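Residues take their numbers from the sequence shown, with the count starting at 1. Keep in mind that what you see is a predicted model, and the values were worked out from it rather than measured.
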Amino acid sequence: MTGMNKIAAAFLMLAAGFSAAEARPSSAVTVKAEIDSAQLTMGDRAHLLVTVDMPDAVTSTAQLVDFPVLTPGKEYMEFHGVDVVASDSVSSSSNGRTRINFDFTIQAFDPGTVTIPPFAVVASPGADTAFSTVVALKVLPVDVDSLQTIHPMASVASPRSRWYDYVPDWLFWTLLAVVLAVVGVWAFMMLRQRKQIIEEQKAAPVPPYDLAKSRLNSLRSRKLAENGHEKQYYTELTDILRQYLQGRFGINAMEMTSTQIVRALRSNPETRMTADEMRAVLSIADFVKFAKVRPMPDDNAKAFAKAESFVEQTKPKPEPEPEEAGEGTAAAPAKVKKQ
């Protein structure tokens with residue numbers, strides 16, 4: 001190849017690179033993961049930083065996959081060989097795009113190399129999944145000072161004796177058996193009496209539709225979202241829907257993720273047409289509860305309206321009254337007799 005041909009080929013490759021860069025969609029979702037320290041000593045802490053950049057149009061449908069969620073009350077959670085001891089997130093919006101910065105504080109106690117798999121984000125059902133890079137961390141063992149003085153074992157000490165040490169074992173066990181028998185008879189009598197009272201006072205269970213409507217009306221009257229309690233508002237709203245699904249259709253929604261719930265609804269003929277409304281409510285609720293995104297007041301009203309619409313559209317159909325069936329049965333012989 002001549003020198004001119006090489007130069008022309010180089011220009012063509014450069015032009016192709018620019019064209020590919022221009023053709024790249026500006027609506028792509030990107031995920032970036034990094035750690036502030038590539039190695040640390042056993043027991044030390046490091047910060048795992050994950051940045052999710054996405055268009056504002058997909059924030060209500062995006063799903064975070066394999067992101068650690070430290071539930072309230074727990075001091076840590078195991079996550080791919082490390083312990084997540086704290087988590088925080090900050091979101092910002094600019095030029096039509098939303099950026100969420102996650103900060104996970106991690107600890108490691110096993111020496112060696114730890115590999116954290118990529119974080120993933122799905123912009124919408126059926127869309128391509130965006131992955132971050134793999135994060136590697138080297139955990140160094142704690143050095144032990146071999147010159148440290150090792151103290152000898154202490155001498156054997158005589159235990160103190162008490163009066164009950166002289167009580168024969170057979171007498172102790174006999175008294176214990178008598179006491180347990182008396183307590184058992186008393187407990188049996190009390191439980192039987194309590195069971196009778198409960199059976200007498202037990203009322204008919206509230207139907208799932210009536211219970212869901214009552215709880216939705218109560219949630220609306222408390223105005224949690226209007227007073228700045230968006231996380232509590234969406235937690236109670238999704239709990240109402242999950243319990244309604246379990247009571248109405250037998251879907252164990254309390255133990256399922258949002259994606260699993262939507263998949264179960266789409267596989268059920270009675271809920272297939274309303275699955276998208278449930279998906280929209282669960283998606284924005286996940287962003288508020290886990291990503292600490294603050295929705296607009298209009299979004300809160302739309303989420304409540306979709307939840308209420310889902311309950312209304314899936315409520316049981318009324319059964320025909322027995323009087324109508326009786327009238328139809330009586331009318332048939334009369335027509336035959338007239339003929």
Side-chain angles (χ1 to χ4, degrees), residues 29 31 52 54 57-72 74 77 79 117-131 205-220 225 230-291 293 295 299-319:
V29 178
V31 187
V52 179
M54 70 184 75
V58 301
T59 54
S60 62
T61 60
Q63 296 286 333
L64 307 180
V65 182
D66 200 21
F67 277 61
V69 178
L70 189 62
T71 57
K74 290 188 63 176
M77 68 167 293
F79 183 73
F119 295 83
V121 175
V122 181
S124 60
D128 294 337
T129 303
F131 294 95
V206 181
Y209 168 78
D210 296 337
L211 180 61
K213 288 290 294 181
S214 175
R215 296 184 63 189
L216 285 173
N217 293 334
S218 175
L219 178 61
R220 175 164 46 193
E230 290 88 357
K231 183 175 181 180
Q232 183 181 355
Y233 171 79
Y234 280 98
T235 299
E236 295 190 17
L237 181 62
T238 53
D239 285 345
I240 293 172
L241 295 176
R242 289 172 184 268
Q243 291 183 6
Y244 172 73
L245 291 176
Q246 186 168 2
R248 175 70 177 87
F249 301 103
I251 300 175
N252 190 18
M254 299 301 296
E255 304 296 332
M256 298 168 68
T257 63
S258 299
T259 304
Q260 292 172 336
I261 292 175
V262 175
R263 189 181 300 116
L265 293 176
R266 287 177 175 169
S267 63
N268 189 338
E270 294 183 86
T271 59
R272 185 176 300 142
M273 301 300 295
T274 56
D276 289 338
E277 293 185 352
M278 178 65 73
R279 177 186 57 78
V281 177
L282 295 177
S283 297
I284 190 173
D286 289 344
F287 269 93
V288 174
K289 291 190 292 183
F290 304 132
V293 176
D299 294 334
N300 299 331
K302 289 180 179 179
F304 187 91
K306 289 181 180 295
E308 194 172 38
S309 175
F310 176 84
V311 173
E312 287 293 337
Q313 295 184 53
T314 57
K315 67 180 181 180
K317 297 180 180 179
E319 297 180 359

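- At a threshold of 4.5 Å between non-hydrogen side-chain atoms, the residues V281 and L237 count as touching.
- Taken to the nearest 0.5 Å, the CZ atom of F310 stands 5.0 Å off from the CG atom of L265.
- Here the straight-line distance linking atom CG of N217 with atom CZ of R215 works out to 12.0 Å at 0.5 Å rounding.
- No donor-acceptor pair closer than 3.5 Å links the side chain of T129 to the backbone N or O of V122.
- Rounded to the nearest 0.5 angstrom, E308 CD and K213 NZ are separated by 4.0 Å.
- Heavy atoms only, all atoms of each residue included: S283 and S60 are closest at CB-O, 2.7 Å.
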Could you go through the side-chain contact (heavy atoms from CB on, under 4.5 Å) check for V52 and F67 one step at a time?
-> CA-CA 11 Å; V52 179; F67 277 61; 4.0 Å; yes
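- Atoms CD1 and CD, on I251 and Q260 in that order, are 11.5 Å from each other to the nearest 0.5 Å.
- By the 6.0 Å contact criterion, CE on M273 is open, its count of non-hydrogen atoms from other residues, nucleotides or ligands being 12 or less.
- In this structure, the separation between CG on L241 and CD on E277 is 10.5 Å, given to the nearest 0.5 Å.
- Residues forming a salt bridge (Lys or Arg N to Asp or Glu O under 4.0 Å) with R272 (at least two apart in sequence, or on another chain): none.
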Quick one: do T314 and T274 satisfy side-chain contact (heavy atoms from CB on, under 4.5 Å)? Show the steps, please.
-> CA-CA 8 Å; T314 57; T274 56; 3.7 Å; yes
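- The salt bridge (Lys or Arg N to Asp or Glu O under 4.0 Å) test applied to K315 returns E312, not counting sequence neighbours.
- P295 and N300 get closest at one heavy-atom pair: CG-OD1, 3.2 Å.
- Considering every non-hydrogen atom in both V29 and A123, the closest pair reads CG2-CB, 3.8 Å.
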Can you check side-chain contact (heavy atoms from CB on, under 4.5 Å) on Y244 and L211, steps first, answer last?
-> CA-CA 8 Å; Y244 172 73; L211 180 61; over 6 Å; no
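- Put simply, the side chain of M278 does not reach to within 4.5 Å of the side chain of T271, judged on heavy atoms.
- Counting only residues at least two apart or on different chains, the salt bridge (charged side-chain N to carboxylate O under 4.0 Å, His left out) pairs with a member in residues 233-244 are R222-E236.
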Apply the test side-chain contact (heavy atoms from CB on, under 4.5 Å) to residues N252 and Q246: give CA-CA distance (whole Å), side-chain angles for both, the deciding distance (0.1 Å), then the verdict.
-> CA-CA 5 Å; N252 190 18; Q246 186 168 2; 3.8 Å; yes
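- For residues 280-290, no pair satisfies salt bridge (charged side-chain N to carboxylate O under 4.0 Å, His left out), with sequence neighbours left out.
- Scanning all heavy atoms of the two residues, the minimum distance from T235 to T238 falls at O-OG1, 3.0 Å.
- Within the model, atoms CD1 of I261 and CG of L282 stand 5.5 Å from one another, a figure rounded to the nearest 0.5 Å.
- Contact detail for P68 and F119: the closest heavy-atom pair is CD-CE2, 3.8 Å.
- For A225 against E230, the heavy-atom pair with the smallest separation is O-OE2, 3.8 Å.
- Around NZ of K302, the count of heavy atoms belonging to other residues, nucleotides or ligands within 6.0 Å does not exceed 12.
- Within the structure, the side-chain hydrogen bond (donor to acceptor under 3.5 Å, both in side chains) test picks out the following pairs touching residues 261-270 (sequence neighbours left out): R266-D276.
- Put simply, the side chain of S218 never gets that close to the backbone of S214: no donor and acceptor are under 3.5 Å apart.
- Considering only residues two or more places apart in sequence or on other chains, F304 meets the ring-ring contact (aromatic ring centres under 6.0 Å, His included) condition with none of them.
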